[in-house]
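Heads up: the structure comes next, in structure tokens.
Every chain is numbered from 1, with letters handed out A, B, ... down the list of sequences.
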Amino acid sequence: MSHSHTDQERKIPLIEVENLKKYYAIKGGIVTHTTAHVKAVDGVSFSILEGETLGLVGESGCGKSTIGRALVGLEKPTEGKICYEGQDLAKLPKKEMEKIRTHLQMVFQDPYSSLNPRKHVFEILAQPMLYHKVSTRETVEKDMVRILDMVGLPRNVLGRYPHEFSGGQRQRIGIAKALSLNPRFIVCDEPVSALDVSIQAQILNLLKGLQKELGLTLLFVGHGLGAVNYVSDRIAVMYLGKIVEIGEAKEIFAHPVHPYTQALLNAVPIPDPAEKNKEHYLLQGEIGSSVNPPIGCRFHPRCPYATEICRQKEPMLLETGSESVHYAACPIVMTSKEAWK
Amino acid sequence: MRQENLSKTEKDIISESYFQTVFRRFRRHHLAAVSLIILIILGGAALLAPIIAPYDPDEIVGTFSGAPCKEFWMGTDQIGRDVFSRLLYAMRVSLLVGILATFISTAVGVVLGLIAGYFGGIADMVIMRFTDMVMSFPYILLVLVAASIFEPGMWSIILILGFVDWPGIARLVRGNVLSLRETNFVKGNLVAGMPLRHILFSEILPNTVAPILVYATSVLALSMLDEAALSFLGLGVRPPTASLGNMLNGAQSLTVLTRQPWLWLPPGLLIIILVMTINFIGDALRDALDPNSGR
């Protein structure tokens with residue numbers, strides 16, 4: 001395990017996110033004005049190394065999808081930096097940005113709305129490839145067949161419309177579309193959560209295989225720890241717009257530090273009935289409001305270990321001291337005084 | 001079927017299957033299918049008026065207000081012109097006014113709706129307030145003003161109706177664009193770095209064509225009715241040019257109404273038939289063009 005530490009430090013991160021914030025204004029009043037902000041993402045920093053898969057987990061509404069969308073340019077950060085190969089995306093000139101665009105692609109959650117119902121697969125795939133000159137009129141069909149083959153679809157899907165396909169097949173087309181521009185980084189925004197359980201594994205295997213084969217870097221957003229763990233090298237756990245724990249997937253599963261991570265792991269159903277009666281801490285209550293997040297540690301209203309200081313001061317991400325790189329934001333569990341801001 | 005398709009190139013399967021589906025679904029509406037046939041026949045007759053019409057529509061060829069006979073199938077009007085010939089030419093004018101006015105209003109509505117819906121913000125606010133203003137403006141007043149400024153006639157009525165009927169389409173398009181803008185396939189193409197013109201005209205617009213087309217058919221029917229109403233009042237198409245509206249003009253007199261039905265019955269019936277068939281077709285198109293209504 002110790003060698004992975006030095007290994008990771010030597011690599012350059014492909015994606016670097018620094019203090020990313022995304023606030024949405026809530027408008028109201030008789031004369032329309034901004035009355036409050038939804039703090040979807042509230043100061044998040046992490047980096048993704050070339051060729052690795054970072055899993056991003058958390059409950060609905062914790063801001064994980066917003067981060068994914070911001071990384072591919074669908075959301076403009078309120079504050080903070082997103083760097084691709086060390087270049088700040090917000091400061092890049094338009095020409096440069098257009099070149100980089102195709103490097104950052106996305107696979108969407110809902111395969112039913114991610115394909116234009118008026119276009120057949122040929123058009124859906126060919127238009128961006130031709131526009132970006134990834135392929136030419138002569139070679140485009142061959143290129144598409146090659147990509148379809150990679151995602152496990154036969155060539156005759158090209159002439160069909162999206163409504164003729166099942167959810168799993170559509171998601172394969174969605175993945176093909178993301179792959180068609182030769183990206184280096186793909187955001188997978190809960191790519192399996194809208195699919196049948198039997199299909200989920202197929203798509204996860206496909207993504208995992210493609211990542212290895214093409215050396216892709218992935219951000220895998222999901223709310224099921226099982227799926228995320230299966231594809232991810234590292235996992236970041238989010239709660240109410242903040243990362244509460246980040247580290248290697250194995251390590252997080254073996255030694256979860258933050259109480260929220262522990263609760264998430266406990267929430268995974270256990271198929272063994274003998275284990276059923278064991279005491280498990282399960283999360284009580286609802287995720288807090290992202291308009292007025294709890295003061296201090298955002299998790300304290302639901303935390304079994306919460307003390308007075310948790311209600312006053314916000315904890316920072318600190319090294320847990322395990323052998324691999326592993327950070328968590330809970331000084332109570334980690335019993336370290338400097339963890340408070 | 002599949003076997004046969006597979007042997008052709010992919011492109012062929014595509015264009016065929018889409019129109020085949022639409023056509024098949026359209027045919028299921030028997031009323032609309034019959035309407036389409038009637039409309040094609042009437043449209044053809046209007047188009048071929050110079051060939052079909054037995055007489056010059058503006059020439060005095062018979063007795064005053066002659067009843068239908070072998071020579072004049074639908075009789076002659078008050079000054080002795082052939083009603084049948086005039087009817088054919090009138091249909092030409094009415095259809096032309098309707099189609100051109102609809103074309104103008106659809107073009108204006110689509111452009112404004114696209115801009116308002118996609119860009120939002122100030123553009124949206126300005127356009128939508130302007131739309132509300134036009135909607136709340138009584139068009140008869142507009143026609144009166146326009147008639148006093150320009151020569152009243154076919155072209156001015158086309159322009160007036162065209163620039164009065166667009167708000168409905170603008171609202172419809174804006175609403176559709178607002179929801180389409182948020183769909184994943186539009187987002188996906190933004191991520192793919194596709195240019196604005198592709199997003200607007202290749203992703204968004206094709207998905208609103210069906211509702212626009214359906215709405216346009218009702219605008220077509222309405223503008224033909226409006227033309228008839230305005231011409232009936234003497235504000236529209238000017239005699240001697242015949243239009244369905246100004247042919248009805250004669251029915252203002254009680255003698256004509258009670259004693260000479262051949263002067264007002266044919267144009268009146270023709271207006272009803274045209275408007276009804278167009279509306280039936282619009283209804284069927286709504287179902288036939290829906291991409292999500294299945295196989």
Side-chain angles (χ1 to χ4, degrees), chain A residues 32 68-69 71-75 97-132 134 141 144-145 155-164 170 173-174 177-178 180-181 183 186-187 189 194, chain B residues 1-22 120-122 124-125 176 179-213 289-295:
Chain A
T32 314
R69 284 204 303 271
L71 284 178
V72 292
L74 283 178
E75 302 276 355
M97 189 61 212
E98 270 184 15
K99 261 186 235 160
I100 287 185
R101 275 247 67 110
T102 58
H103 296 184
L104 313 169
Q105 288 302 309
M106 183 159 180
V107 175
F108 289 90
Q109 171 179 11
D110 178 11
Y112 291 91
S113 71
S114 58
L115 305 172
N116 189 339
R118 293 258 168 222
K119 289 186 176 176
H120 38 83
V121 178
F122 187 97
E123 280 181 290
I124 289 174
L125 293 178
Q127 282 171 344
M129 290 170 81
L130 292 174
Y131 177 74
H132 289 290
V134 174
E141 191 161 344
M144 284 190 294
V145 170
R155 62 167 288 149
N156 65 15
V157 302
L158 283 176
R160 298 212 230 144
Y161 283 88
H163 71 75
E164 299 175 51
R170 284 185 207 210
I173 296 167
K177 184 173 161 72
S180 66
L181 296 175
I186 299 181
V187 172
D189 186 7
Chain B
M1 176 89 182
R2 270 267 165 264
Q3 285 302 321
E4 187 189 308
N5 279 349
L6 280 173
S7 60
K8 295 181 187 170
T9 68
E10 250 90 41
K11 275 272 173 203
D12 283 341
I13 307 171
I14 296 146
S15 44
E16 270 178 12
S17 75
Y18 183 62
F19 289 108
Q20 275 175 352
T21 342
V22 170
I122 291 174
D124 183 27
M125 211 195 73
N176 272 315
S179 66
L180 285 168
R181 196 179 62 171
E182 298 305 318
T183 55
N184 282 343
F185 65 85
V186 169
K187 299 260 175 203
N189 277 287
L190 285 173
V191 172
M194 296 306 276
L196 183 64
R197 58 167 199 279
H198 174 89
I199 304 282
L200 282 181
F201 298 112
S202 183
E203 301 291 334
I204 290 180
L205 201 55
N207 278 288
T208 62
V209 161
I212 291 171
L213 215 59
L289 288 174
D290 184 0
N292 297 319
S293 75
R295 320 292 88 88

Identify, with sequence neighbours excluded, every residue that meets salt bridge (charged side-chain N to carboxylate O under 4.0 Å, His left out) alongside B:Glu203. A:Lys119

For [X] versus [Y], what's the shortest heavy-atom pair and its separation?
| X | Y | value |
| --- | --- | --- |
| B:Gly193 | A:Tyr131 | O-CE2, 3.5 Å |
| B:Asn189 | A:Pro128 | OD1-CG, 4.2 Å |
| B:Pro206 | A:Arg118 | O-NE, 3.1 Å |

Could you give the distance from CZ (A:Arg101) to CG (B:Leu190), rounded to the nearest 0.5 Å? 7.5 Å

side-chain contact (heavy atoms from CB on, under 4.5 Å) with B:Phe185: of A:Ser114, A:Ser113, A:Pro117, only one passes, and it is A:Pro117

Has A:Gln105 got a side-chain atom pairing as donor or acceptor with B:Val191's backbone, closer than 3.5 angstrom? yes

For B:Ile122, is the CD1 atom crowded, meaning more than 12 foreign heavy atoms sit under 6.0 Å from it? no

Quick check on A:Leu115 against chain B: is it the side chain, the backbone, both or neither that has a heavy atom closer than 4.5 Å? backbone

At a heavy-atom separation under 4.5 Å, does A:Leu104 approach chain B through its side chain, its backbone, both, or neither? backbone

According to ring-ring contact (aromatic ring centres under 6.0 Å, His included), who are the partners of B:His198, at least two apart in sequence or on a separate chain? none

Give the intermediate values and the outcome of side chain to side chain donor-acceptor pair (under 3.5 Å) for residues A:Asp110 and B:Asn184. CA-CA 8 Å; A:Asp110 178 11; B:Asn184 282 343; 5.2 Å; no

Counting heavy-atom pairs under 4.5 Å with chain B, which one of A:Gln109, A:Glu98, A:Met97, A:His132 comes out on top? A:His132

